[in-house]
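Below: the structure, in structure tokens.
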Amino acid sequence: MLAKIAHWLTRKPKVVALTAVLLLIPSALGVIATRVNYDILSYLPEDLGSAQGERLLEEPFHMAATSMLVVEGMPAGYTNRLINDIKAVPGVSSVVWLSNLVGIQLPTEMIPAGFRDIFFSGDATMIVIQYEKAGASDETMDAIDAIRGLCNERCFLAGFSVVMKDTKDLMDSELPIFVGLAVVLALAAMMLTLESTVLPLLFLGGIGMAILYNFGTNIFLGEISYITKAIAAVLQLGVSMDYSIFLYHRYKEEQSRFDDNRDAMAQAIVAAFTSLSGSSMTTIAGFLALCSMRLTLGRDIGLVMAKGVVLGVATVVLVLPALILLFDRQIEKHKHRSLLPSFDRANGFVLRHRWFFFVLFLLLFFPALYAQNHASIYYKLDESLPEDLPSIVANKKLKDDFDMASSHFIILRDDVSATDMNLLENAVKDVEGVTSVLSYHAMLGTGIPEFFIPDAVKNMLKQGGYQMMMVNSSFATASDEAAEQLATLNGLVTAVDPGALITGEAAMTNDLIETTNLDFSVANNLSVAAIFLIVAVLFRSLTVPLVLVAAIELAIFINQGAAYFTGASVPFIAPTIISCVQLGATVDYAILMTTRFQEELRSGKDRMEAIHIAANASDASIITSALVLFCATLGVSFVSSVDLIGSICVMLARGALISAVMSMTVMPSILCVCEPLFRRTSLHWHKAPPPKKCRRKLSAAASTAAAEETAGAAAVPEGVPSASVEEMEESANQTALETVELGS
């Protein structure tokens, strides 16, 4: 069936190319229609208390997002006009300030100082703005834009939703630069390593189509995260380039066997599909391991990237052959000598010192593992943003003027007694780091008569059988102090109301830390187990996958441990992405060399000669693939203003080089040293198994030979020496043994 499809594809290259181009139209529409989510905290599991509390803030409180507006050095009249203008902005549910909080009936000087200090600090005043929709929603983003348009330069809009808005604007402006730079640098790498100036353009054209198909089909997921949007195209470019190179090399091999290039390409398609489907399985397994995370951001990245690999293989097998056939003359016309040097002498040096590299491989494991486990990780998302971003400046202003680094929202039943509420509020105020408490009961406790409190404020603080407390803290989100504070607050509020919930950026980030610690361990273990199983089946061995996975895992440990030695901090999501991606993508380097090593052993060569040939044959492909991934990701890291994206791309670029060096130095050494072990623990390591269709005939022949030997009735032709008879019998016995092995 595949051969027939390949034959048709090679006879209709123009039809195939035109169809591929036409499919870009719905893909582009899908890209436009796919929403991008800039709120990482929205990917938390729905059963967590902070996530449940966030849903209650949305309904019934209509406080899906909150931001604080600091107005500095402006008269009260300006602030009052600004409040009225902000109330009229679509998407704003309420605006809270001192005057509208207690009503205009009560003079400001009569308001107790402790309550007044929540909203005033020196010549600055704070306005609390609440939105109807979630912080990352389009409605809230538009509302933030509108509010900024109403403010002057003495106004500073702070809060997590504002940080997300600035992140969105920053990513939208930088993404075209990311992709463009990745394409240019990947093209430069291929120009150096490939033998034609036209071929890299065709490869990029084919992969570009696959990337657009992938992003277009994301519409079926509903939305993707901004992290996925930022790195998926670059990753798919780097990972899928291997497949294009392999198809072209196979096509050139087949050309010598066929008179018609179309027949050569058809045979190359069949061979490439078989090889690429197996090779891509390790990459897909690495990405799908991310789907096991409870933090559904892992599923978002994993599904998009796994889908991208599948579409990349499909495009290479179905579309790229048509492009190569259509531009075959131009490829040949613009050929040049590859600038890659010969690695024969380097490989000879490595193999002569194989025991040194093998021992080095073993010795590096423990320090690399230690460094990986002790690398600094940060969870506070605004740490990855430029310090001059308006939202970051505003957050610092809020911290400096009002000592508010974070805000917690506590949701309780509204039938908690006044006595219990009074005790709770006093206890909360005494918690270390708490700067102020705002609640309905606290307002009454300051001596403000209930009839003075406007209905809008009552509805904000008491709704649907619940009441809400806003607790401001001087402790920064994701700090150890904030975690201890949240634990103390949780103990206090659950003593009054066992069903009470604490939410807000700090509480959700704290849950994020606890969730991802387990997630990362599970995802890493699953990716290792899945790839181990795939390689074990591929080589019919228990020790080959152990060696291959261990070599790439060491490369991963060194890559992630580099942050420990340099003193750098990496974003929390980076280690898991790097682990799964680097293992899945670069284990192909090890598989490539091991496969060639086994082929040479089966052809009768000794292990030293076999590994030398395998290394020489594999190095060019490894370097080309690693350079493309390195260049595509390194360029993004230099341009990105968002450290979260930059850190991931730096680690991907560094990981590609480390894996390549590991595959070219350590891998040949350990393959050569461990070959006797492979021989004893692998099926058909030195001899290929017979084709499946021949097994019945071989089994029958072996059974017949065995029966004739047992009966002693085998007729020996005249002139055949007895030694030949013994060889025939031995061959029959060996065939029977192999048949039993295959059957088992």
Does the side chain of [X] reach to within under 4.5 Å of the side chain of [Y], using non-hydrogen atoms?
{"X": "Leu41", "Y": "Glu505", "result": "yes"}
{"X": "Leu194", "Y": "Met191", "result": "no"}
{"X": "Val673", "Y": "Phe361", "result": "no"}
{"X": "Phe203", "Y": "Leu320", "result": "yes"}
{"X": "Ile573", "Y": "Met293", "result": "yes"}
{"X": "Phe357", "Y": "Val350", "result": "yes"}
{"X": "Tyr226", "Y": "Ile40", "result": "yes"}
{"X": "Leu44", "Y": "Leu512", "result": "yes"}

Are there over 12 heavy-atom neighbours, none belonging to [X], within less than 6.0 Å of that residue's [atom1]?
{"X": "Met664", "atom1": "CE", "answer": "yes"}
{"X": "Phe273", "atom1": "CZ", "answer": "no"}
{"X": "Leu542", "atom1": "CG", "answer": "no"}
{"X": "Tyr379", "atom1": "OH", "answer": "yes"}
{"X": "Phe565", "atom1": "CZ", "answer": "yes"}

Q: Scan Leu295, Ile513, Asp519, Thr509 and name whichever one has a side-chain contact (heavy atoms from CB on, under 4.5 Å) with Phe572.
A: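 Checked Leu295, Ile513, Asp519, Thr509 against Phe572; only one passes side-chain contact (heavy atoms from CB on, under 4.5 Å): Leu295.
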If you take all heavy atoms of [X] and [Y], which pair is closest and at what distance?
{"X": "Val650", "Y": "Ser637", "value": "CG2-CB, 3.2 Å"}
{"X": "Ser640", "Y": "Glu174", "value": "CA-OE1, 3.5 Å"}
{"X": "Ala555", "Y": "Ser659", "value": "CB-OG, 3.7 Å"}
{"X": "Ala476", "Y": "Ala482", "value": "O-CB, 3.2 Å"}

To the nearest 0.5 Å, what is the distance between [atom1] on [X] and [atom2] on [Y]?
{"X": "Ile531", "Y": "Leu526", "atom1": "CD1", "atom2": "CG", "result": "11.0 Å"}
{"X": "Thr167", "Y": "Leu385", "atom1": "OG1", "atom2": "CG", "result": "4.0 Å"}
{"X": "Leu629", "Y": "Cys649", "atom1": "CG", "atom2": "SG", "result": "9.5 Å"}
{"X": "Leu538", "Y": "Thr282", "atom1": "CG", "atom2": "OG1", "result": "9.0 Å"}
{"X": "Lys605", "Y": "Ile611", "atom1": "NZ", "atom2": "CD1", "result": "13.0 Å"}
{"X": "Thr315", "Y": "Met209", "atom1": "OG1", "atom2": "CE", "result": "8.5 Å"}

Q: Using only heavy-atom distances, determine whether the side chains of Ser647 and Asp643 contain a donor-acceptor pair under 3.5 Å.
A: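 On atom types as modelled, these side chains qualify, holding a pair under 3.5 Å.
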**Q.** Distance-only donor-acceptor check, side chains Asn218 and Lys307, under 3.5 Å
**A.**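 Short answer, yes.
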Q. Should the pair Trp685 and Phe678 be assigned to parallel (<30°), tilted (30 to 60°) or perpendicular (>60°) ring geometry?
A.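 Judged by the thresholds at 30° and 60°, the geometry between Trp685 and Phe678 is perpendicular.
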Q.
side-chain contact (heavy atoms from CB on, under 4.5 Å) for Ile227 and Ile648? Distances and angles first, verdict last.
A. CA-CA 10 Å; Ile227 297 176; Ile648 291 175; 4.3 Å; yes
N/O donor-acceptor pair under 3.5 Å between [X] side chain and [Y] backbone:
{"X": "Ser682", "Y": "Arg679", "result": "no"}
{"X": "Asp39", "Y": "Ala136", "result": "no"}
{"X": "Arg354", "Y": "Leu351", "result": "yes"}
{"X": "Asp619", "Y": "Phe343", "result": "no"}
{"X": "Asp166", "Y": "Ser391", "result": "yes"}
{"X": "Ser521", "Y": "Asn517", "result": "no"}
{"X": "Gln560", "Y": "Pro575", "result": "yes"}
{"X": "Asp344", "Y": "Asn616", "result": "no"}
{"X": "Thr296", "Y": "Tyr43", "result": "yes"}
{"X": "Arg607", "Y": "Cys674", "result": "no"}

Q) Is any side-chain N of the basic residue among Arg294 and Asp511 closer than 4.0 Å to the acidic one's carboxylate O? A)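 Not counted as a salt bridge, because no side-chain N and carboxylate O are separated by less than 4.0 Å.
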Q) Can the ring centres of His374 and Tyr370 be said to be less than 6.0 Å apart? A)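 For His374 and Tyr370, the ring centres are under 6.0 Å apart.
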Q: Might you work through the side-chain contact (heavy atoms from CB on, under 4.5 Å) test for Val317 and Leu247, ending with a clear yes or no?
A: CA-CA 8 Å; Val317 172; Leu247 173 76; over 6 Å; no
Q) What do the steps show when you test Phe349 against Arg345 for side-chain contact (heavy atoms from CB on, under 4.5 Å), and what is the final call? A) CA-CA 6 Å; Phe349 174 84; Arg345 294 180 63 183; over 6 Å; no
Q: Apply side-chain contact (heavy atoms from CB on, under 4.5 Å) to the pair Thr594 and Leu548, showing each step before the final yes or no.
A: CA-CA 9 Å; Thr594 307; Leu548 266 58; 3.4 Å; yes
